[in-house]
Amino acid sequence: MLRAYRWVLATLPFLVFVVASSGDRSSNFQSCVSACHGNYCHPQTTLPLALRLTRWTCTDDCKYQCMHMLTDIAIRESSTIHQYHGKWPFWRLFGMQEPASVAFSLWNMYYHVQGWRQLRSRMPSDHPMRYYYLTWAIVSINAWFWSAVFHTRDLPITEKLDYFSAALVILYSLYHTVLRLFNQYPTRSREDGRIQRTPVHLIWSSICIIVYLTHVAYLSILPRFDYTYNMAFNLTVGFTHNLLWLLYPLPASLPLIQRFPFKSKTYRPSYASKTAAFVVLTTAATALELFDFPPWGRIIDAHALWHLSTAPIAKFWYDFLIQDSLDDGWREPKR
C-alpha cells in the first residue's frame, strides 16, 4: 500500500524532527496521512478481514503505515523515535495494536481465573471473607479482559472500559482490605444464624460505592478524559491499600491490628512477611511505568513489561489469601 506513495515523503523535510512535539503533530506525518487518504481511502476500499473485525478504518490504516514509515526513517538516521497519539509505534498483529500487552493481559486474566477456582475449592465455605475474595477475583478477571480489549484497539469506549474496570479493582482491593484487617466483615449470629453487619461496615461500603460512582461520573461528563486525575486517583487508592497491608507483618511487639478474630493482637503467623513482599513486588512492578522507552523491536515497552510482571504476583497473592484463610485464628476455640 505504501510503496505507491513513498514519493510523497521523498519531497518532505522528514529528516528534521521537533523533539518537543509528538509524532502525530508533525507536518511529515500529517502530509503522509493526507496523501495516503487521498490516494487509497475510497468507498470501494476494502481492508483485510482482521482489520475490519478490530474496527480499523482506512484512515486508521494510513496513520499506522505512516507512523511506521517515519519510524523506519528515524531509526535509519539515528533520530528521535516519536510517539503518535500518545503511544509508541508498535507492530500490529491480526489487528491488535499492542499484541504483547494483549498477551500479557490475558496471562494476568488466566491467573485470576485460576485464583478464583482455588478460592472456591480451598477456602472454607463459611469463611467471612470468602464472598469478598471471590468478588475481587471476578472484578480482576473483568479488568484484565478489558485491558486486553483496549490494547487490541484503543478507542474511546475501550479506553473507558479499561480505565473504569481498573479503578474498580483498585478501589475494591482497598475496600475488602479494610474489612479484613480491621475485622469489619459480616459475621453470623450464634442465636439465630442471621448475618450481622457492623455500622462501620455499612458506612465504609457506602463510601466506596459513592466514591466509585463519582469517579466514573466525573471522568464521563468531561469533554476530554482527565488522565492526570485518573492516575492520581489510582495511585492514591493503591498506595493506601499497600500501606495497610504493611500492618500485617509488623512484629508481635508492635501489635497495631488484631489479625484474626480468635487470636490475640500479639499473634503473628509465620507467613506474615508475605504481605511485605507483595508490597515490594507491586511497587517495583508499578515503577516499570516510570521507565518509558521506545518499544524493543516495536513489540515490548515498559507498559507491556508491567503487565508481564503482575501475573506471577497475582498467583503469589492468591496463595497468601488461601493460606491466611486457613489459619487457626479464624476458628473459635472449643469450650
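- Donor-acceptor pairing under 3.5 Å is lacking for the side chains of Ser105 and Asn108.
- Between His151 and His303, the two ring planes are tilted [angle within 30° to 60°].
- Checked against the 6.0 Å centroid threshold, His215 and Tyr229 count as a close aromatic pair.
- To the nearest 0.5 Å, atoms OG (Ser325) and CE (Met129) are separated by 10.0 Å.
- The shortest heavy-atom contact between Ala143 and Ala166 is CB-N, 4.3 Å.
- Taking the six-membered ring for Trp, Tyr132 and Tyr185 have ring centres at least 6.0 Å apart.
- Atom OG1 in Thr198 sits 8.5 Å away from atom CD1 in Ile203 (nearest 0.5 Å).
- Remark: Gln323 CD to Ser270 OG distance equals 6.5 Å, nearest 0.5 Å.
- Per the SG-SG cut-off, Cys62 and Cys32 are not bridged by a disulfide [distance not under 2.5 Å].
- Both Leu250 and Leu246 are assigned to one and the same hydrophobic cluster, defined by single-linkage of ILVMFWY side chains at heavy-atom distances under 4.5 Å.
- Residues Asp154 and Glu159 have side chains in contact (heavy-atom distance under 4.5 Å, counting atoms from C-beta outward).
- Phe293 CZ: more than 12 foreign heavy atoms inside a 6.0 Å radius.
- For Tyr110, the OH atom is loosely surrounded, since the number of other residues' heavy atoms within 6.0 Å does not exceed 12.
- Under the 4.5 Å side-chain heavy-atom criterion for ILVMFWY residues, no single connected hydrophobic cluster contains both Ile195 and Val200.
- Glu98 has a carboxylate O that lies under 4.0 Å from a charged side-chain N of Lys87, or vice versa, which qualifies the two as a salt bridge.
- Looking at Arg76 and Asp72, no side-chain N of the basic residue comes within less than 4.0 Å of a carboxylate O on the acidic one, giving no salt bridge.
- A salt bridge is defined here as a Lys NZ or Arg NE, NH1 or NH2 lying under 4.0 Å from an Asp or Glu carboxylate O, and Asp61 with Arg92 meets this definition.
- Thr57 and Thr59 share no side-chain donor-acceptor pair at under 3.5 Å.
- The existence of a salt bridge linking Asp324 and Arg180 is confirmed by a sub-4.0 Å separation between a basic side-chain nitrogen and an acidic carboxylate oxygen.
- Using a 4.5 Å cut-off between side-chain heavy atoms of Ile, Leu, Val, Met, Phe, Trp and Tyr, with links allowed through other members, Leu93 and Phe104 fall into different hydrophobic clusters.
- For Phe262, the CZ atom counts as densely surrounded, since its 6.0 Å shell holds more than 12 non-hydrogen atoms of other residues, nucleotides or ligands.
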Notebook entry, point to check: Under the side-chain contact (heavy atoms from CB on, under 4.5 Å) criterion, do Ser273 and Arg268 qualify, and how do the steps go?
Noted result: CA-CA 10 Å; Ser273 59; Arg268 182 183 186 274; 4.2 Å; yes
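- If you look at Trp306 and Phe291, their ring centroids are not closer than 6.0 Å.
- With 3.5 Å as the limit, one finds no donor-acceptor pair spanning the side chains of Tyr40 and Thr45.
- Checked against a 6.0 Å centroid threshold, the rings of His176 and Tyr133 count as neighbours.
- Asn234 places a side-chain N or O within 3.5 Å of a backbone atom of Asn230 that can act as its donor or acceptor partner.
- Aromatic rings of Phe320 and Tyr248 (six-membered ring for Trp) have centroids within the 6.0 Å cut-off, being under it.
- Atom CZ in Phe182 sits 9.5 Å away from atom OG1 in Thr177 (nearest 0.5 Å).
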Next item on the list: Kindly determine whether Phe90 and Asp301 satisfy side-chain contact (heavy atoms from CB on, under 4.5 Å), including the steps that lead there.
Entry: CA-CA 9 Å; Phe90 292 93; Asp301 68 339; 3.4 Å; yes
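- Within 6.0 Å of CZ on Arg52 lie more than 12 heavy atoms contributed by other residues, nucleotides or ligands.
- Ring centroids of Phe260 and Trp330 are separated by less than 6.0 Å, placing the two rings close together.
- For the pair Tyr84 and Thr71, the minimum side-chain heavy-atom distance is below 4.5 Å.
- A donor-acceptor pair is defined here as one N or O able to donate and one able to accept, closer than 3.5 Å; such a pair exists between the side chain of Thr158 and the backbone of Leu155.
- Counting heavy atoms from C-beta on, the side chains of Phe225 and Tyr163 come closer than 4.5 Å.
- Counted within 6.0 Å of NZ on Lys315, heavy atoms from surrounding residues, nucleotides or ligands total 12 or fewer; the atom is thus considered open.
- Between Trp245 and Trp317, the gap from one ring centroid to the other is short of 6.0 Å.
- Between Trp144 and Tyr111, the distance separating the two ring centers is not shorter than 6.0 angstrom.
- Val102 and Trp88 sit in two unconnected hydrophobic clusters of ILVMFWY residues. Membership requires side-chain heavy atoms under 4.5 Å apart, directly or through other members.
- For an aromatic pair to be called close, the ring centres must be under 6.0 Å apart, and Phe94 with Trp56 fails this.
- Linking Ile, Leu, Val, Met, Phe, Trp and Tyr residues whenever their side-chain heavy atoms come within less than 4.5 Å leaves Leu288 and Val279 in two separate clusters.
- To the nearest 0.5 Å, the span separating OG1 on Thr275 from CG on Leu247 amounts to 9.0 Å.
- No close placement of the Phe316 and Phe278 rings is indicated, their centers lying 6.0 Å or farther apart.
- Taking the six-membered ring for Trp, Tyr318 and His112 have ring centres closer than 6.0 Å.
- The NZ atom of Lys263 lies 10.0 Å from the CZ atom of Arg331; values are rounded to the nearest 0.5 Å.
- Taking the ring centroids of His68 and Trp91, they lie under the 6.0 Å cut-off.
- Under the 3.5 Å distance criterion, with hydrogens and angles disregarded, a donor-acceptor pair is assigned to the side chains of Asp327 and Tyr271.
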